[in-house]
Protein chains: 2
Amino acid sequence: MPKLGMEPVRRRALIGAAVEAIHEHGFCEVTMGQIAARAGVSAGLAHHYFGSKEQLLTATMRHLLSELGAEIVSRLSRAEGPRQRVSAVIAGNFAPGQFRPAVISAWLAFYVQAESLADARRLHGIYARRLRSNLVHDLARLVSRERAFAVADGAAALVDGIWLRQVLRVGEPDAATAIAMVEDYVALQLERGRM
Amino acid sequence: MPKLGMEPVRRRALIGAAVEAIHEHGFCEVTMGQIAARAGVSAGLAHHYFGSKEQLLTATMRHLLSELGAEIVSRLSRAEGPRQRVSAVIAGNFAPGQFRPAVISAWLAFYVQAESLADARRLHGIYARRLRSNLVHDLARLVSRERAFAVADGAAALVDGIWLRQVLRVGEPDAATAIAMVEDYVALQLERGRM
DNA sequence: TTATTGATTGACTGATCAATCAATAAACGG
DNA sequence: CCGTTTATTGATTGATCAGTCAATCAATAA
């Protein structure tokens, strides 16, 4: 059965399987065997393509962050003016493909890992700085630069908090309510800034 | 050297050591041996008193939640009127003994575990409901019941988000800034509610 | 003094799992 | 068709670690 050019197919499948397997078994408990089985291959093949469990997990984290980033960039490109750009960032953070149980579980697990794993920490840092500078840049066109920092930090904390709390909520995530909550916060802050 | 009545001493030491060891080694990587060594005893003794790693970890989580709860209750008892009570809850969530790196790491790790571990999930649920009902009860005296729910959820998400983001921040946690951020959010929401 | 109980350890075991590797087989290139 | 590359597996290894246990020692009680 061996077809050629399977590498990208397997890599994608394994990364997707890793997200699901982390959700099902928990980050600490999940094994290469479980991930590989979910992707429909042997554990040996997972090692063949990724070298080690840590590298597969790091690739998975990189994938999640880049997908989330892409959602935001795509919405930013359609936004007009700073206020819409802020909304684009907020909505991007709750994009349907991202704000779902398995992704939320994996994302949180990587947050925890980022503390002890240098690679994970670096990736998180890059992503967080980019998000923040995007927000600050646009907010600074609406309020003072000083307040823009405060509002960006507040909005970012609120977004992360909503993701975090979704981990323990039962039932499907409600992106609309989440977005409304953050939009409300930003609107209130901007109103005051204009007074 | 065996003295009598060591059980409570050892239990406390092991729970404290678990928090520190999780912070140092990471939740997934930490072993009973490392925790026991930090507490100055053998791994065998840790099993003797707690039965299993899972039970020691669950006891640690219970301890963290109850300490945080105690900080809030203590501030609530000194508060007068609903507005002060809301502030008491906020300040309690950033009490100096709790809002520090090792505790934050462990707390977040337990959050992740709560997804797959029934015991951890139950504990978290109890704590979260209590916190929420406390907030809603007092907020409902300041704004409509409906808005009280929204503000309580927003404030709780903000608190959790600030804790979460502290995991990756370098340097000592800044409780004062954190409290100011949540107080600002609540103040803004209450102002609107009164309009 | 002599049992009894509680505290404690270090050695042991059994299971798990990441990582390696040799073997196999299909596709392809000449 | 024959050699090379790519894909894939299953068996194996080596390390780690949770959990158990017998043995030891001190304090207390009878």
Side-chain angles (χ1 to χ4, degrees), chain A residues 1-61 106 109-110 113 116-120, chain B residues 1-61 106 109-110 113 116-120:
Chain A
M1 314 182 182
K3 301 269 173 66
L4 262 343
M6 292 304 286
E7 176 156 358
V9 176
R10 296 308 190 196
R11 290 189 95 100
R12 269 194 297 275
L14 283 163
I15 285 173
V19 173
E20 301 297 327
I22 288 169
H23 179 54
E24 182 178 340
H25 303 284
F27 186 87
C28 301
E29 295 78 18
V30 83
T31 71
M32 283 297 259
Q34 289 163 343
I35 296 172
R38 240 213 163 72
V41 298
S42 71
L45 198 67
H47 276 99
H48 174 65
Y49 284 127
F50 285 97
S52 72
K53 185 181 182 181
E54 187 180 321
Q55 281 172 282
L56 166 54
L57 260 19
T58 302
T60 304
M61 179 179 171
F110 286 124
Q113 281 306 298
S116 45
L117 235 136
D119 246 7
Chain B
M1 308 180 181
K3 302 268 173 66
L4 263 343
M6 292 305 286
E7 177 157 357
V9 176
R10 296 308 189 198
R11 289 188 96 99
R12 269 194 297 275
L14 283 163
I15 285 173
V19 173
E20 301 297 327
I22 288 170
H23 179 54
E24 182 177 341
H25 301 285
F27 186 88
C28 301
E29 296 78 18
V30 82
T31 71
M32 283 296 259
Q34 289 164 344
I35 296 172
R38 238 210 165 75
V41 297
S42 72
L45 198 67
H47 277 100
H48 175 64
Y49 284 127
F50 285 95
S52 72
K53 185 182 182 182
E54 188 179 320
Q55 281 172 284
L56 166 53
L57 261 20
T58 302
T60 304
M61 179 179 169
F110 286 123
Q113 282 306 298
S116 46
L117 236 135
D119 246 7

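All values reported here derive from a predicted model rather than from experimental measurement. Chain letters run A, B, ... following the sequence lines, proteins first, then strands; residues in each count from 1.
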Give the rounded distance in Å between these two atoms: [atom1] of [X] and [atom2] of [N].
| X | N | atom1 | atom2 | result |
| --- | --- | --- | --- | --- |
| A:M32 | C:dA19 | CE | P | 6 Å |
| B:L14 | C:dA7 | CG | P | 13 Å |
| A:L45 | D:dT9 | CG | P | 6 Å |
| B:E29 | C:dA18 | CD | C1' | 14 Å |
| A:Q55 | C:dT20 | CD | P | 10 Å |
| A:E54 | C:dC17 | CD | P | 18 Å |
| A:L57 | C:dA18 | CG | P | 10 Å |
| A:L56 | C:dA19 | CG | P | 10 Å |

Going by purine N1 to pyrimidine N3 plus the second Watson-Crick contact, or the G-U wobble pair, all under 3.5 Å, which nucleotide sits opposite [N]?
| N | result |
| --- | --- |
| D:dC2 | C:dG29 |
| D:dA30 | C:dT1 |
| C:dC17 | D:dG14 |

With respect to the side chain of [X], which nucleotide from [options] is positioned closest?
| X | options | value |
| --- | --- | --- |
| A:L4 | C:dA18, C:dT9, D:dA7 | D:dA7 |
| A:M6 | D:dT9, D:dA18, D:dA7 | D:dA7 |
| B:Y49 | C:dT20, D:dT9, C:dT8 | C:dT8 |
| A:K53 | D:dT9, C:dA19, D:dG19 | C:dA19 |
| B:H47 | D:dA7, D:dA18, C:dA19 | D:dA18 |

- [ ] Look at all strands and tell whether B:V9 reaches a base, only sugar-phosphate, or nothing, counting heavy atoms closer than 4.0 Å.
- [x] nothing

- [ ] Please work out if B:T31 contacts a base, only the sugar-phosphate, or nothing of the nucleic acid, heavy-atom cut-off 4.0 Å.
- [x] sugar-phosphate

Open item on the list: Does A:C28 form a side-chain contact (heavy atoms from CB on, under 4.5 Å) with B:Q113? I'd like the steps, not just the answer.
Closed with: CA-CA 9 Å; A:C28 301; B:Q113 282 306 298; 3.7 Å; yes

- [ ] With DNA chain C as reference, determine whether B:E7 or A:A43 sits nearer its 5' end, using the nearest nucleotide of each.
- [x] B:E7

Task: Aromatic ring proximity A:F27/B:F27, centre distance under 6.0 Å - done: no

Task: With sequence neighbours excluded, residues passing side-chain hydrogen bond (donor to acceptor under 3.5 Å, both in side chains) with A:H47 - done: none

TODO: Could you verify whether a donor N or O on one side chain and an acceptor N or O on the other, from A:Q55 and A:T58, lie under 3.5 Å apart?
DONE: no

TODO: Using a cut-off of strictly less than 4.0 Å, decide whether B:R10 has a side-chain nitrogen or oxygen near OP1 or OP2 of C:dT8.
DONE: yes

Open item on the list: side-chain contact (heavy atoms from CB on, under 4.5 Å) for B:L56 and B:Y49? Distances and angles first, verdict last.
Closed with: CA-CA 9 Å; B:L56 166 53; B:Y49 284 127; over 6 Å; no

